[in-house]
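Reading through the structure tokens given below for one structure.
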Amino acid sequence: MDKWKHLIMPVVESSISPMTWEEVKAKPIVLFEGKESVLLALPNELLGRKMLLIWVAAGNLSEVSDLIAKCEEYAKKHFEGVCYVGRKGWIKTHGFKEIAVIGVKGF
């Protein structure tokens, strides 16, 4: 996974839950790799169902789309579904149904 650090860390550092590289590597990550892209997914639970959460997707957009398809195929065998938290454009582009919105208020 270290070879993808240059793509992963900018996404993680600008996310709603930034963390160090050591913290990223300590997660129970399911890794999907392309030639120029990477997708990190985490086992999770949503609405009482065993889900695979797409956590980080970075690199070439069309290749990331292929990695999402691979993630979905993997999830069909091991989980009850796939979920994604991120920008609305990504959700719609990749066929996810919007079920929640995350609100942030700064103090």
Side-chain angles (χ1 to χ4, degrees):
M1 191 166 76
D2 286 332
K3 75 178 187 176
W4 300 111
K5 182 178 179 180
H6 70 285
L7 291 177
I8 295 167
M9 286 310 294
V11 175
V12 171
E13 289 168 346
S14 65
S15 75
I16 61 174
S17 57
M19 62 187 66
T20 66
W21 182 240
E22 290 72 28
E23 291 170 313
V24 169
K25 292 194 318 183
K27 298 243 178 236
I29 291 169
V30 181
L31 178 69
F32 299 90
E33 300 176 275
K35 290 183 180 181
E36 302 173 17
S37 309
V38 64
L39 186 145
L40 306 181
L42 299 170
N44 210 318
E45 188 172 306
L46 178 67
L47 303 172
R49 297 175 62 202
K50 187 177 167 189
M51 305 290 272
L52 188 59
L53 168 67
I54 296 174
W55 179 44
V56 173
N60 176 286
L61 180 59
S62 63
E63 193 174 52
V64 166
S65 294
D66 294 340
L67 295 178
I68 289 173
K70 288 180 183 181
C71 177
E72 290 174 354
E73 286 302 313
Y74 177 86
K76 285 177 185 175
K77 296 175 184 170
H78 304 283
F79 295 87
E80 296 176 70
V82 175
C83 58
Y84 171 78
V85 176
R87 296 185 313 252
K88 284 187 172 192
W90 275 88
I91 290 172
K92 291 178 182 179
T93 300
H94 293 92
F96 289 89
K97 176 182 164 190
E98 185 177 316
I99 63 166
V101 175
I102 298 173
V104 177
K105 184 181 281 188
F107 294 102

Validation row: Met51, Phe79 side chains within 4.5 angstrom (heavy atoms): no
Do Phe32 and Asp66 come close enough that some side-chain heavy atom pair is under 4.5 Å? no
pair Trp55-Val24: side-chain heavy atoms closer than 4.5 Å: yes
Taking all non-hydrogen atoms of both residues into account, name the closest pair between Ala75 and Gly81 and its distance. CB-O, 4.1 Å
Nearest heavy-atom pair of Ile54 and Cys71: which atoms, and what distance? CG1-SG, 3.9 Å
Of all the heavy-atom pairs spanning Met1 and Leu40, show the shortest one and how long it is. SD-CD2, 3.9 Å
Atom pair CE/CE of Met19 and Met9 - distance to nearest 0.5 Å: 8.5 Å
Pro43 and Leu52 have their tightest heavy-atom pair at N-CD1, 3.8 Å
Leu46 side chain near Asn44 side chain, heavy-atom distance below 4.5 Å: no
Interatomic distance, Lys3 atom NZ to Ile8 atom CD1 [nearest 0.5 angstrom]: 10.5 Å
Show, in sequence, the C-alpha distance, side-chain angles and deciding distance for Leu42 and Ile29, and conclude whether the side-chain contact (heavy atoms from CB on, under 4.5 Å) test is met. CA-CA 5 Å; Leu42 299 170; Ile29 291 169; 3.8 Å; yes
Stepwise salt bridge (charged side-chain N to carboxylate O under 4.0 Å, His left out) check, Glu73 with Lys76: CA-CA 5 Å; Glu73 286 302 313; Lys76 285 177 185 175; 3.2 Å; yes
Verify, without hydrogens or angle tests, whether Glu63 (side chain) and Glu36 (backbone) share a donor-acceptor contact under 3.5 angstrom. yes
Taking every non-hydrogen atom, the tightest pair across Glu23 and Thr20: OE1-N, 2.7 Å
Are the side chains of Leu39 and Lys70 in touch, meaning some heavy atoms are under 4.5 Å apart? no
Indicate the atoms forming the closest heavy-atom contact of Leu7 with Ser37, along with that distance. CD1-CA, 4.3 Å
Aromatic plane relationship, His78 with Tyr74 - under 30° parallel, 30 to 60° tilted, over 60° perpendicular: tilted
